[in-house]
Amino acid sequence: MIDLKIVRTNPELVRDSIAKRNLNINLDDFLEIDRKRLNISQKLDELREIKNKVSKEIPTLEKAEKEEKIIEMKDI
């Protein structure tokens with residue numbers, strides 16, 4: 001199995017290897033899907049960070065503020 005770091009950093013080497021093996025793989029499509037996956041993963045991490053921050057904050061809030069924060073977090 002090939003390391004994804006190699007595919008990302010040196011796609012021409014991977015293209016040459018694909019051609020030598022006569023494989024029918026579209027590397028551009030793969031790289032685009034990988035980019036999208038990385039972006040989604042980054043957004044997910046940001047949302048988790050917000051959730052964790054608010055989760056620590058909620059116990060210190062008063063009842064009305066707690067309810068507002070909970071509703072706000074449901075929208076996220």
Side-chain angles (χ1 to χ4, degrees):
M1 184 181 277
I2 190 165
D3 188 7
L4 283 176
K5 289 181 184 180
I6 294 172
V7 177
R8 291 178 190 138
T9 58
N10 201 350
E12 290 306 316
L13 176 69
V14 176
R15 278 189 185 91
D16 291 343
S17 179
I18 289 170
K20 287 178 186 176
R21 297 168 192 242
N22 292 325
L23 299 174
N24 187 15
I25 299 172
N26 189 336
L27 190 60
D28 293 328
D29 287 347
F30 173 81
L31 290 171
E32 180 63 28
I33 291 169
D34 185 54
R35 253 183 250 112
K36 288 179 182 179
R37 186 191 64 82
L38 288 174
N39 287 336
I40 290 170
S41 179
Q42 182 180 15
K43 288 177 184 177
L44 180 63
D45 289 341
E46 291 169 2
L47 290 173
R48 281 186 182 138
E49 183 180 340
I50 292 169
K51 179 189 142 241
N52 289 338
K53 180 182 170 193
V54 172
S55 293
K56 289 179 183 178
E57 207 176 274
I58 286 178
T60 63
L61 300 174
E62 293 188 24
K63 185 171 180 154
E65 292 174 322
K66 278 184 186 181
E67 291 175 7
E68 285 180 32
K69 281 288 186 182
I70 290 171
I71 291 170
E72 181 183 321
M73 292 307 295
K74 285 182 181 180
D75 290 340
I76 292 178

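For this chain, numbers begin at 1 and follow the sequence in order.
Distance check, rounded to the nearest 0.5 Å: CD1 of I2 to CG of L13 gives 7.0 Å. Rounded to the nearest 0.5 Å, atoms CG (D28) and CD1 (I33) are 11.0 Å apart. The structure places OG1 of T60 at 8.5 Å from CD of E65, a figure rounded to the nearest 0.5 Å. Atom CG of D34 is separated from atom CG of D29 by 12.5 Å, given to the nearest 0.5 angstrom. The distance from the CG atom of L44 to the CG atom of N39 is 12.5 Å, given to the nearest 0.5 Å. Atom CD1 of I70 and atom CD of E68 lie 11.0 Å apart (nearest 0.5 Å).
Summarising the geometry of K51 relative to M73, their closest heavy-atom pair is CA-CE, 3.6 Å, with the distance given to 0.1 Å.
The residue from R15, E12, E32 that alone fulfils the side chain to side chain contact (heavy atoms under 4.5 Å, CB included) condition with L27 is R15.
Residues L38 and L4 do not share a hydrophobic cluster, clusters being chains of Ile/Leu/Val/Met/Phe/Trp/Tyr side chains in contact below 4.5 Å. Under the 4.5 Å side-chain heavy-atom criterion for grouping Ile, Leu, Val, Met, Phe, Trp and Tyr, I71 is not connected to I58 through any hydrophobic cluster. Note: the hydrophobic cluster containing L61 does not contain V54 (ILVMFWY, side chain heavy atoms under 4.5 Å, direct or indirect links).
R21 CZ: 12 or fewer foreign heavy atoms inside a 6.0 Å radius. Atom CD of E62 sits in a sparse spot, with 12 or fewer heavy atoms from other residues, nucleotides or ligands closer than 6.0 Å. Counted within 6.0 Å of CG on N24, heavy atoms from surrounding residues, nucleotides or ligands total 12 or fewer; the atom is thus considered open. Within 6.0 Å of the NZ atom in K66, the count of heavy atoms belonging to other residues, nucleotides or ligands exceeds 12.
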Practice item. Show your reasoning for whether side-chain contact (heavy atoms from CB on, under 4.5 Å) applies to E49 and D45. Key: CA-CA 6 Å; E49 183 180 340; D45 289 341; over 6 Å; no
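Side chain of N10 to backbone of I6: no donor-acceptor contact under 3.5 angstrom is found.
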